[in-house]
Novice: 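Please see the structure below; I have some questions.
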Amino acid sequence: MPRIAVIEGDGIGHEVIAEGVRLLQALDSAHGLDLSFEHLDYGAQRYLDTGVTITPEEMQGLRDYDAIFLGALGDPRVKSNVHAKDILLGMRFQLDLYINLRPCKLLDARYCPLKDKGPDDLSFTVFRENTEGLYTGIGGQFKRGTADEVAIEAEMNTRKGVERIIRAAFAYADTHGLKRLCMSDKSNAMRHGHDLWQRVFREVAAEYSEIEASHLYVDVLTMEMVRAPERFDVLVTNNLFGDIVTDLGAQLQGGIGLAASGNLNPEARIGMFEPVHGSAPDIAGQGKANPLAAALSAGMLLNWLGHPELEKRIEQAVSHCLANELITPELGGSLSTSQVGDALIAAAS
Ligand code: NAD
Ligand code: IPM
Ligand code: MN
């Protein structure tokens, strides 16, 4: 019986994950998956009520699930964002979820902001390094609040960390028959850490002669993603650049309400799946949130559990909603979050 930990988190996390779980339950009944769901209340409300973000035991307990399904963390009432740091970044770092897998796939040309681009032009997968880079919090503040204040945020790049994400990207390209892999960094300006990326990339690329390995500085990458997204099959980059380029990618595929992701450690068999978007406080609680990114993330979760055909089915259900304008207001539709959820279930069943 696969056990799924469900952490709705904050804001629209509650709304979109509720729809994702309903969809999973519908597929479970139709296909006898025998899924069990355990809801965990980690998030801003619990932190405000109890002062606890997540305990070390709770974090370790997450290892025992077959998958984790997460909404988003971030609440205007928690100005420090400490709970997001402890829970979201905590999972990524402490569970060592080193692959942030973010597919960017246009399902319906009408939703692409680029002129004359269709689904054939926009289908690539980003491997975002998820455990180091500029996200570790290494650094400090000196003379805080004075005119002489210094603030240092150090970027950490380890050989192990760089090598395993680059290897994961090549292995993915290899097993999926994808011929082009592009690594992106800023090694023209960042001579230490990104030189390491360059050297490791060349070493690993040499083992995959059938894959065309290329490199772009990240500024040029953003330009090329807009100019000619058909150039890309697989992208690999560091934590911060991966964060930024996947929001750009999300817009290219139709909007942040459509972008799904997985945070993975395949060796430890830990997978956490979440929409790329955040808690959207501006629309939270209004039934306006687009649940399609959560649905596609649920699809990735089913693939992780060994059901790639059901991921495909969810993708087809999302395409059906897009084609028939069964969509939320930010995409120009008039349906509520749960009405789109109903349409998804009808299309996927
Ligand atoms: P956001 O993604 O929450 O929202 C950006 C914009 O996109 C907003 O206008 C929002 O209304 C819209 N939007 C986002 N998701 C949508 C959806 N499903 N349907 C319709 N519209 C949607 O980004 P933000 O405003 O920068 O962040 C809000 C909070 O969420 C912050 O606290 C941030 O740190 C957090 N955040 C968390 C995660 C995560 O938990 N993985 C990811 C990103 C941001
Ligand atoms: C994401 C988010 C997070 C990140 C924030 C909330 C720390 O933007 O998952 O993309 O930067 O990784
Ligand atoms: Mn982000």
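These numbers come from the heavy atoms of this one structure, side chains and all, not from hydrogens, waters or symmetry mates.
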Novice: Answer yes or no: is there a donor N or O on one side and an acceptor on the other, between the side chain of T125 and the main chain of V234, under 3.5 Å?
Specialist: no
Novice: Would E274 and R92 pass as an ion pair if we require N to O under 4.0 Å?
Specialist: yes
Novice: I'd like to know whether CZ of R77 has more than 12 heavy-atom contacts from other residues, nucleotides or ligands below 6.0 angstrom.
Specialist: yes
Novice: Between Q251 and D247, is any side-chain donor less than 3.5 angstrom from a side-chain acceptor?
Specialist: no
Novice: Which value, rounded to the nearest 0.5 Å, describes the distance between L181 atom CG and L235 atom CG?
Specialist: 7.5 Å
Novice: I'd like to know if the side chain of H194 pairs up with that of E155 as donor and acceptor (distance under 3.5 Å, no hydrogens or angles considered).
Specialist: yes
Novice: Salt-bridged, E57 to R63, with N to O below 4.0 Å?
Specialist: no
Novice: Hey, would you say the Y208 and F170 ring centroids sit under 6.0 Å apart?
Specialist: yes
Novice: With H307, which of I314, L27, L301, L33 fulfils side chain to side chain contact (heavy atoms under 4.5 Å, CB included)?
Specialist: L33
Novice: For salt bridge (charged side-chain N to carboxylate O under 4.0 Å, His left out), just list the numbers for R128 and D243, CA-CA rounded to whole Å, side-chain angles, deciding distance to a tenth of an Å, and then say yes or no.
Specialist: CA-CA 7 Å; R128 168 188 177 188; D243 179 45; 3.8 Å; yes
Novice: For residues R199 and S187, is any side-chain donor paired with an opposing acceptor at under 3.5 Å?
Specialist: no
Novice: Backbone N or O of G285 within a donor-acceptor pair of the E15 side chain at under 3.5 Å?
Specialist: yes
Novice: State plainly whether the residues D41 and R46 are in salt-bridge range, i.e. N to O under 4.0 Å.
Specialist: yes
Novice: Quick one: pull up CE in M272 and CG in L70 and give me the separation to the nearest 0.5 Å.
Specialist: 5.0 Å
Novice: Among residues two or more places apart or on two chains, list those pairs meeting ring pair (Phe, Tyr, Trp, His ring centres under 6.0 Å) that have a residue in residues 83-130.
Specialist: F127-Y172
Novice: Just by distance, with hydrogens left out, do D185 and Q198 show a side-chain donor and acceptor under 3.5 Å apart?
Specialist: yes
Novice: So, does N238 use its side chain to make a donor-acceptor pair with the main chain of G133 at under 3.5 Å?
Specialist: no
Novice: Any chance the side chains of E132 and N157 put a donor and an acceptor closer than 3.5 Å?
Specialist: no
Novice: Could you tell me if D86 and T53 have a donor-acceptor pair between their side chains, going purely by distance under 3.5 Å?
Specialist: yes
Novice: Are E210 and K179 within salt-bridge range, i.e. N to O under 4.0 Å?
Specialist: no
Novice: Apply salt bridge (charged side-chain N to carboxylate O under 4.0 Å, His left out) to K288 and list each qualifying residue two or more places apart in sequence or on a separate chain.
Specialist: none
Novice: Please lay out, stage by stage, how N100 and E129 fare under the test side-chain contact (heavy atoms from CB on, under 4.5 Å).
Specialist: CA-CA 6 Å; N100 195 328; E129 202 293 318; over 6 Å; no
Novice: For the backbone of E230 and the side chain of D121, can you confirm whether one donor and one acceptor N or O come within less than 3.5 Å of each other?
Specialist: no
Novice: Rounded to the nearest 0.5 Å, how far apart are CD of Q286 and OG of S336?
Specialist: 12.5 Å
Novice: Using a 3.5 Å distance criterion without hydrogens, assess whether the side chain of D108 forms a donor-acceptor pair with backbone atoms of R110.
Specialist: yes
Novice: Can you measure from CG (L258) to CD1 (I327) and round to the nearest 0.5 angstrom?
Specialist: 9.5 Å
Novice: Between R269 and W304, is NZ or CZ placed under 6.0 angstrom from the six-membered ring centre and within 45° of the ring axis?
Specialist: yes
Novice: Under a 4.5 Å side-chain heavy-atom rule over Ile, Leu, Val, Met, Phe, Trp and Tyr, are L101 and V204 clustered together?
Specialist: yes
Novice: Is K85 atom NZ crowded by more than 12 heavy atoms from other residues, nucleotides or ligands, each under 6.0 Å away?
Specialist: no
Novice: Would I244 end up clustered with M223 when hydrophobic side chains under 4.5 Å apart are linked, directly or stepwise?
Specialist: no
Novice: For the CG atom of L335 and the CG atom of D342, what is their distance to the nearest 0.5 Å?
Specialist: 9.0 Å
Novice: To the nearest 0.5 Å, what is the distance between CD on Q253 and SG on C112?
Specialist: 10.0 Å
Novice: Hey, does E19 have a side-chain heavy atom less than 4.5 Å from the side chain of T337?
Specialist: yes
Novice: With D174, which residues qualify under salt bridge (charged side-chain N to carboxylate O under 4.0 Å, His left out), at least two apart?
Specialist: none
Novice: One pair to check against side-chain contact (heavy atoms from CB on, under 4.5 Å): L305 and L35. What are the steps and the verdict?
Specialist: CA-CA 10 Å; L305 294 180; L35 304 178; 3.9 Å; yes
